[in-house]
Amino acid sequence: MKSEPALFSLDDLRAMPKRTAPWDGVRNYQARNYMREMRTGDLVLFYHSNCKQPVAVGIAKVVREAYPDYTAWNRTSDHFDPASHPEAPLWFMVDVRWKQAFAEPVPLSAMKSMPQLKEMPLLRRGNRLSVMPVTREQFDAVTARRKNRCLPK
DNA sequence: GCCAACGTTGGC
DNA sequence: GCCAACGTTGGC
């Protein structure tokens with residue numbers, strides 16, 4: 001899951017009550033569909049986008065499965081969408097809980113150089129989705145990488 | 001700040 | 001249903 005650290009960082013998630021927050025504001029159908037596939041207990045790679053150094057910063061966990069994103073019904077919300085209604089919700093969100101911050105974040109540039117991540121949707125050219133699937137192998141490769149970052153090439 | 005890539009909108 | 005115009009994303 002991507003977030004702009006200036007708006008909502010992994011530290012911000014950690015500072016929330018119960019270290020938990022709803023992943024609101026997703027207004028893309030594909031990203032929404034990926035969220036609806038998420039299950040309680042699924043682990044999340046937390047990625048900081050649109051900042052000086054884009055990085056995977058840590059891990060969160062899904063603690064509530066998809067439910068209607070009520071910010072879409074709030075006229076004063078930045079994410080207001082008149083097409084969504086309480087009786088027929090258009091947008092959904094999950095709740096995620098902070099789990100871990102990497103001692104050393106894994107930069108996008110490092111991920112690009114890892115052959116195991118060649119197929120990772122995050123690295124696909126022109127991708128703009130804020131929520132994307134990660135395979136177990138990709139997840140393990142990223143989380144292992146932060147321990148091995150000082151190994152010679 | 002630039003710009004490529006992509007999704008959405010809306011006229012036809 | 002096509003597609004040009006537009007807005008947004010996000011790396012660089």
Side-chain angles (χ1 to χ4, degrees), chain A residues 1-16 21-38 42-62 65-96 98-135 137-150 153:
Chain A
M1 295 177 113
K2 284 188 202 172
S3 191
E4 302 189 23
L7 299 179
F8 191 78
S9 68
L10 183 60
D11 280 345
D12 291 331
L13 177 61
R14 188 179 194 172
M16 296 289 287
W23 205 261
D24 64 330
V26 173
R27 296 293 179 267
N28 172 284
Y29 289 102
Q30 211 179 339
R32 179 202 68 180
N33 295 344
Y34 284 137
M35 277 201 295
R36 296 178 82 164
E37 293 173 11
M38 291 179 169
D42 283 353
L43 296 182
V44 173
L45 270 182
F46 200 108
Y47 176 81
H48 280 177
S49 68
N50 201 15
C51 51
K52 270 201 180 140
Q53 197 187 30
V55 286
V57 276
I59 301 170
K61 186 173 73 172
V62 175
E65 294 178 11
Y67 62 105
D69 182 340
Y70 44 75
T71 66
W73 309 327
N74 178 358
R75 201 164 287 278
T76 66
S77 166
D78 286 344
H79 306 302
F80 174 67
D81 183 353
S84 185
H85 307 277
E87 62 278 13
L90 184 56
W91 303 114
F92 291 80
M93 57 190 175
V94 298
D95 285 356
V96 298
W98 183 93
K99 183 174 169 64
Q100 179 185 356
F102 296 151
E104 296 290 342
V106 182
L108 176 63
S109 56
M111 290 193 266
K112 282 181 172 173
S113 70
M114 297 167 63
Q116 312 96 300
L117 302 184
K118 228 176 91 183
E119 306 296 324
M120 198 178 184
L122 175 69
L123 306 186
R124 268 205 298 263
R125 199 169 86 100
N127 114 75
R128 285 170 37 194
L129 291 179
S130 58
V131 179
M132 283 169 284
V134 181
T135 67
E137 290 73 22
Q138 291 161 350
F139 186 92
D140 289 345
V142 172
T143 54
R145 162 77 200 199
R146 76 202 135 92
K147 295 168 193 149
N148 298 335
R149 66 192 179 81
C150 292
K153 278 188 192 159

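What you see below is based on every heavy atom in this structure, not just the backbone, and it leaves out hydrogens, waters and symmetry mates. Chain A is the first sequence line, chain B the second, and so forth, proteins listed ahead of strands; every chain is numbered from 1.
- The aromatic rings of A/Trp23 and A/Phe46 sit perpendicular, their planes meeting at an angle over 60°, well past the 30° parallel limit.
- Contact check, A/Lys52 against C/dG10: no side-chain N or O comes under 4.0 Å of OP1 or OP2.
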Q.
Please encode protein proximity along nucleotides 3-9 of chain C as a string of B, S and -, counting only heavy-atom distances under 4.0 Å.
A. ----BBB
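- Taking each heavy atom of A/Ala141 and A/Met114 in turn, the nearest pair found is O-CE, 3.4 Å.
- Applying side chain to side chain donor-acceptor pair (under 3.5 Å) to A/Asp69 and the options A/Arg27, A/Arg32, A/His79 leaves one that passes, A/Arg27.
- A donor-acceptor pair is defined here as one N or O able to donate and one able to accept, closer than 3.5 Å; such a pair exists between the side chain of A/Lys2 and the backbone of A/Leu129.
- Among all heavy-atom pairs drawn from A/Glu65 and A/Val94, the shortest one is C-CG1, 4.1 Å.
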